Amino acid sequence: MCMVIFAPIFAICAFATCGGYYGHLQVKVDCADRSQSNMSINIDFAYPFRLNEVHFKAPVCEAKREEVIFLDGNFSSSAQFFLTVGVFAFLYSLLATIVYVFYQKKYLRNNRGPLVDFVVSVIFSSMWLVSSCCWAKTLSDIKTATNPTQVLLLISACRTQENKCTVTQEPLWSRLNTSAVFGFVNVVLWAGNIWFVFKETGWYKTGQRYPTRSASGKRTSEMRHRLYSESSFEQPVEGFAPQLTRQESFNLQVSRQGSFNQAQVNLSLPHAYLGKPIMYEGENKVASQGPMIFVNEM
């Protein structure tokens with residue numbers, strides 16, 4: 001939503017301060033004989049900064065004539081690129097404002113609007129970054145090309161020590177400096193808008209629908225895995241178990257069978273053992289045998 005409010009404003013400020021610039025430089029040449037002195041030489045330049053087409057006339061003191069001098073450099077490509085990005089960004093942000101305000105439901109339908117807005121925001125943030133960097137470098141070159149000392153060196157009369165050349169008025173760069181600043185402000189604005197548009201896309205909603213596991217969940221799963229590993233290590237592996245002889249294996253089976261039978265006997269109901277009856281006639285003598293019953297008490 002921040003782009004809806006500020007993007008058109010900053011885009012206008014960026015391309016208006018660049019496209020509407022007008023620079024003026026004025027120099028004065030005083031010849032030694034005072035006959036060919038020119039008190040005012042006006043040098044005007046403006047957008048798109050084709051300085052190689054800017055010319056002015058300066059006196060030649062020795063020959064008593066005037067010469068035509070051109071400035072150096074053509075900086076129109078970077079300036080026009082910066083201005084074009086600003087104009088298209090303003091038009092798109094204005095269109096996006098209308099869609100956000102009056103066509104919100106159609107904008108969110110089928111997730112097409114947020115996806116298109118996300119892609120366009122990424123493109124414009126990249127274009128603003130490239131154009132602002134190029135324009136900042138170009139602005140530095142323009143200042144160098146229109147530097148009063150550099151311009152005076154182009155005049156042949158000023159290269160003679162007898163003549164006196166001075167600068168009466170220099171161009172003001174505050175407006176172009178402001179345009180470069182607004183360019184980088186647009187970079188920050190459009191780059192920040194990418195996050196807000198991304199939250200409206202289906203990619204962000206899908207990530208919220210299936211959240212990642214928390215730290216406690218990961219810790220619980222790790223403990224379960226560790227316990228499972230420890231229990232698995234305690235079990236002997238068949239391939240690495242020691243080989244038993246036949247006698248040892250037989251004894252092991254017998255002991256297991258005996259323990260199993262003993263467990264069955266302990267867990268069974270009370271039973272009776274019917275054997276032959278034994279009768280005692282006298283002391284420590286067996287006379288006859290009869291039925292004898294043994295009860296296993298639980």
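Just so it is clear, the model here is predicted, and its values are computed rather than measured.
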side-chain contact (heavy atoms from CB on, under 4.5 Å) between Ile194 and Ser125, worked out = CA-CA 9 Å; Ile194 293 176; Ser125 60; 3.5 Å; yes
Would you check if the side chain of [X] reaches a backbone N or O of [Y] as a donor-acceptor pair within less than 3.5 Å?
X      : Y      : answer
Asn74  : Asn52  : no
Ser140 : Lys137 : no
Ser78  : Phe75  : no
Asn147 : Lys143 : no
Gln26  : Ser40  : no

Quick one: [atom1] on [X] to [atom2] on [Y], what's the gap to the nearest 0.5 Å?
X      : Y      : atom1 : atom2 : value
Ser93  : Ile9   : OG    : CD1   : 9.5 Å
Phe82  : Asn186 : CZ    : CG    : 7.5 Å
Leu139 : Trp173 : CG    : CH2   : 7.0 Å

Nearest atoms (heavy-atom pairs only) where [X] meets [Y]:
X      : Y      : value
Ala157 : Val29  : CB-CG1, 4.2 Å
Ser121 : Asn193 : OG-ND2, 3.3 Å
Asp72  : Ala145 : O-CB, 3.5 Å
Arg175 : Ala16  : NH2-O, 3.5 Å
Pro48  : Ala79  : O-CB, 4.3 Å
Leu25  : Pro171 : CD1-CD, 3.8 Å

request  = Would you kindly say whether Thr144 and Gln150 are connected by a side-chain donor-acceptor distance under 3.5 Å?
outcome  =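 Not at all, the side chains of Thr144 and Gln150 share no donor-acceptor pair under 3.5 Å.
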task = For the residue pair Asn42 and Lys57, confirm or rule out a side-chain donor-acceptor distance under 3.5 Å.
result =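 No, no side-chain donor-acceptor contact under 3.5 Å.
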Joint cluster assignment, [X] & [Y], ILVMFWY side-chain distance < 4.5 Å:
X      : Y      : value
Leu91  : Trp128 : yes
Ile43  : Tyr22  : no
Leu51  : Leu153 : no
Val130 : Phe15  : yes
Val85  : Val119 : yes

With side chains defined as the heavy atoms from C-beta onward, is the minimum distance between [X] and [Y] less than 4.5 Å?
X      : Y      : answer
Thr166 : Val27  : no
Leu129 : Trp190 : no
Phe81  : Thr138 : no

query = For His55, does the NE2 atom sit with more than 12 other heavy atoms under 6.0 Å from it, leaving out its own atoms?
reply =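 Not more than 12 within 6.0 Å, no.
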message = Are more than 12 heavy atoms, taken from residues, nucleotides or ligands other than Leu172, located less than 6.0 Å from that residue's CG atom?
response =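 12 or below, so no.
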Extract all donor-acceptor atom pairs below 3.5 Å that involve side chains of residues 178-185 and protein atoms in other chains or at least two apart in sequence.
from: Thr178; atom 1: OG1; to: Ser174; atom 2: O; distance (Å): 2.7
from: Ser179; atom 1: OG; to: Trp135; atom 2: NE1; distance (Å): 3.0
from: Ser179; atom 1: OG; to: Leu176; atom 2: O; distance (Å): 2.5

query = Glu67 and Ile155: side-chain contact (heavy atoms from CB on, under 4.5 Å), yes or no, with the steps?
reply = CA-CA 9 Å; Glu67 61 178 350; Ile155 303 173; 4.2 Å; yes
inquiry  = Is the ring pair Phe49/Phe45 parallel, tilted or perpendicular, if the boundaries are 30 and 60 degrees?
reply    =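 Because their plane-to-plane angle lies in the 30° to 60° range, the rings of Phe49 and Phe45 count as tilted.
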request  = Output the rest of the hydrophobic cluster of Val68: all Ile, Leu, Val, Met, Phe, Trp and Tyr residues reachable through side-chain heavy-atom contacts under 4.5 Å, sorted by chain and number.
outcome  =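 ILVMFWY cluster around Val68 also holds Phe70.
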key: Distance flag, aromatic centroids of Tyr92 and Phe124, threshold under 6.0 Å   =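 Yes - the distance between ring centres of Phe124 and Tyr92 falls below the 6.0 Å cut-off.
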key: Pairs satisfying disulfide bond (SG atoms under 2.5 Å apart), at least one member in residues 116-195, at least two apart   =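 Checked against disulfide bond (SG atoms under 2.5 Å apart) - neighbours excluded - the pairs reaching residues 116-195 are Cys158-Cys165.
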Steps toward side-chain contact (heavy atoms from CB on, under 4.5 Å) verdict (Thr17, Tyr21) = CA-CA 6 Å; Thr17 51; Tyr21 179 77; over 6 Å; no
request  = Might you work through the side-chain contact (heavy atoms from CB on, under 4.5 Å) test for Phe10 and Val188, ending with a clear yes or no?
outcome  = CA-CA 11 Å; Phe10 284 106; Val188 176; over 6 Å; no
